[in-house]
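Report on one structure; see the data block that follows.
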Amino acid sequence: MADKPFTRMESTCLEDEIDFLSAVFFEELQISDVNTPQNEKILFLNLEPSTADDKTKQFVFVKLKVVIPIDYPAVSPIWSTVNSRGLSDEILNNLLAEARQVSETKIGHSMLYEVIEQLKVYLTEQNKPSEACCVCMCEFDAENEYTKTNCFHYLHLACFASYVQIELERIREVEMEDQVAGLKKNGMQLECPVCREIISADSQCMEDIKEIHPDSFFNSQASVPVFKLTKTMRDEQAKRAELFQKQMAAGGIIDLKEEAARFDMDTAWRPPSPEKVEEPEIDQPEEIAKTPVNDAPFIFTEIKDEEKVQPIDPQHEAIKQTTANTKTKQTSPKKSYSRDNYNYYASNDYRYKPRRTYKQERNKNQRNYQSEYRPSYQQDRDSNQYDNNYDNYKPRHREYRGKDRYTDDRYKN
Amino acid sequence: MAGGLPKRILRETEKLLSEPVPGIDARPDENNARYFHVIVNGPKDTPFESGKFKMELFLPEDYPMTPPKLRFITKIYHPNIDQLGRICLDTLKDKWTPALTIRTVLLTVQGLLSAPNPDDPLANDVAAAWKANETKAIATARQWTRIYAQV
């Protein structure tokens with residue numbers, strides 16, 4: 001210690017140093033009250049790059065945890081990060097390495113403030129988001145403008161604009177369905193695509209995308225597909241084809257046509273005729289029927305009973321299938337899923353089509369809403385074969401759509 | 001093909017091919033880069049162990065804003081997967097966010113095979129059987145795997 005003369009700062013105790021830090025950093029610094037067995041002092045510090053207090057220019061943030069041993073400053077404090085935004089693991093490691101290195105060189109002196117200043121300089125150098133945009137998976141560069149959510153996540157303006165448009169559209173659709181079903185739910189809100197934190201309408205990022213066309217992500221992203229088929233891929237495909245044939249031979253492949261026929265799935269839904277309900281055919285593979293399993297009796301018969309009581313509602317299936325398959329106009333689920341083109345999506349009619357504009361999409365939804373839901377509902381009510389009492393109908397919502405027809409006594413036999 | 005393929009899909013495909021997920025094999029179709037042939041190996045210590053389940057995955061035109069469409073092609077006895085092979089998974093429906101990828105979705109499916117959830121069923125009969133007698137249902141699932149999902 002003789003060759004390291006004490007300065008005025010060092011002669012004061014740690015308390016003074018912490019007082020000094022809290023005077024500089026105000027609420028950025030939190031001092032933990034927890035008593036540790038080794039009597040260490042724990043500080044938390046929110047470190048931001050210096051941008052002359054312009055919050056919109058801050059793209060990174062790190063929360064540091066400093067454990068100060070009782071022997072400080074004879075030993076260096078232990079630096080770690082608690083929370084960070086916009087920084088890759090590599091940069092965080094570099095940051096901590098720098099902190100350790102600087103504190104090693106200053107052992108015996110009070111070092112906290114100097115180390116923190118060094119880190120702040122380093123952080124300011126790194127003040128650009130280093131993680132890729134989560135929508136397009138491209139890095140951020142000077143060419144493409146980007147924005148920051150309140151939760152410190154970065155997205156290109158085009159990516160974020162498209163996300164917001166499609167997400168708001170979806171929320172509107174769900175709310176409309178809930179309204180039709182008479183359900184009152186808490187309003188859904190726009191969420192950050194990375195962490196699901198709610199993005200308020202008046203936040204800066206929403207302001208930033210006001211001028212951006214919502215389709216710009218799809219327009220900017222369109223590129224000529226570069227797709228090479230290598231020999232290994234060919235071999236893999238041959239293997240797959242073989243596997244498929246084997247499983248097909250064993251009866252292990254879901255035949256959509258057959259399944260759809262079994263449950264009488266049809267777009268033009270009629271109440272099932274009594275015979276059809278009575279005989280839900282289970283195409284039971286012969287091996288299963290023959291194999292006696294002693295310890296675990298096979299439960300195909302049970303399935304049969306279950307299905308008689310509560311078979312899959314064909315209308316429900318049909319609607320789900322229609323919406324699942326494609327957004328655009330759908331002919332019939334039977335045509336789309338058949339044995340001949342089991343990989344329906346690979347077929348020609350589902351190739352890339354130019355996106356509809358926002359307005360077309362909205363008008364389409366409104367039209368569908370009127371033609372699909374309302375008139376059929378009214379027809380049901382008008383025709384005498386159904387109850388005229390509205391209360392007997394549950395609202396046609398996802399969960400409820402049509403299910404009651406099967407619990408209805410009239411269709412039990 | 002009139003339009004193109006977003007860079008994101010190319011990037012994801014490249015990554016899937018260069019660093020495949022253990023136990024999952026996903027490759028794009030020869031004619032359509034939005035259609036993937038997937039094979040998921042049944043996870044260990046589950047009734048689906050040693051099974052190879054074929055799936056199809058399709059990236060709709062709004063991807064990554066809308067979730068990929070995913071379906072089992074191989075028959076599977078699982079409370080959250082129905083007769084048509086459709087999967088009950090929140091991340092494939094309303095909990096989708098663009099931060100999720102093909103990789104994460106396939107990992108979730110693998111997780112679903114490891115942890116069937118009969119309380120949120122898609123196949124009502126299977127879920128009921130699962131709840132009524134779990135050992136029996138697991139034996140059935142094992143048998144289906146043995147019969148249908150072999151190489």
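Chain letters run A, B, ... following the sequence lines, proteins first and then strands; every chain starts at 1.
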statement: If you tally heavy-atom pairs under 4.5 Å between each of A:R240, A:R170, A:E242 and chain B, the highest tally belongs to A:R240

- request: Taking atom types as modelled, find out whether B:E56 and B:Y35 have a side-chain donor-acceptor pair closer than 3.5 angstrom.
  value: yes

Salt-bridge present (A:E169, A:R172; N to O < 4.0 Å): yes

task: Pick whichever of B:K52, B:K95, B:R142 has the most heavy-atom pairs under 4.5 Å with chain A.
output: B:K95

- prompt: Looking only at heavy atoms, what is the nearest atom pair of B:P98 and A:P193, with distance?
  reply: CD-CB, 3.6 Å

message: Heavy-atom cut-off 4.5 Å, strictly under: side chain, backbone, both or neither for B:Y63 against chain A?
response: backbone

message: Heavy-atom pairs under 4.5 Å with chain B: which of A:E191, A:R196, A:H153, A:E167 has the most?
response: A:R196

- prompt: Considering the options B:K54, B:M55, B:Q150, which one meets the side chain to side chain contact (heavy atoms under 4.5 Å, CB included) requirement together with B:T74?
  reply: B:K54

Under the side chain to side chain contact (heavy atoms under 4.5 Å, CB included) test, residues paired with B:K131 that sit two or more places apart: B:P118, B:D119

task: Below 4.5 Å from any heavy atom of chain B, which atoms of A:E236 appear? Answer side chain, backbone, both or neither.
output: side chain

- request: Could you look at B:N133 and say if it's the side chain, the backbone, both or neither that has a heavy atom under 4.5 Å from chain A?
  value: neither

- request: Report the residues that fulfil ring-ring contact (aromatic ring centres under 6.0 Å, His included) with B:H78, sequence neighbours left out, ordered by chain and then residue number.
  value: B:F48

- prompt: Is it the backbone or the side chain of A:I253 that comes under 4.5 Å from a heavy atom of chain B, or both, or neither?
  reply: both

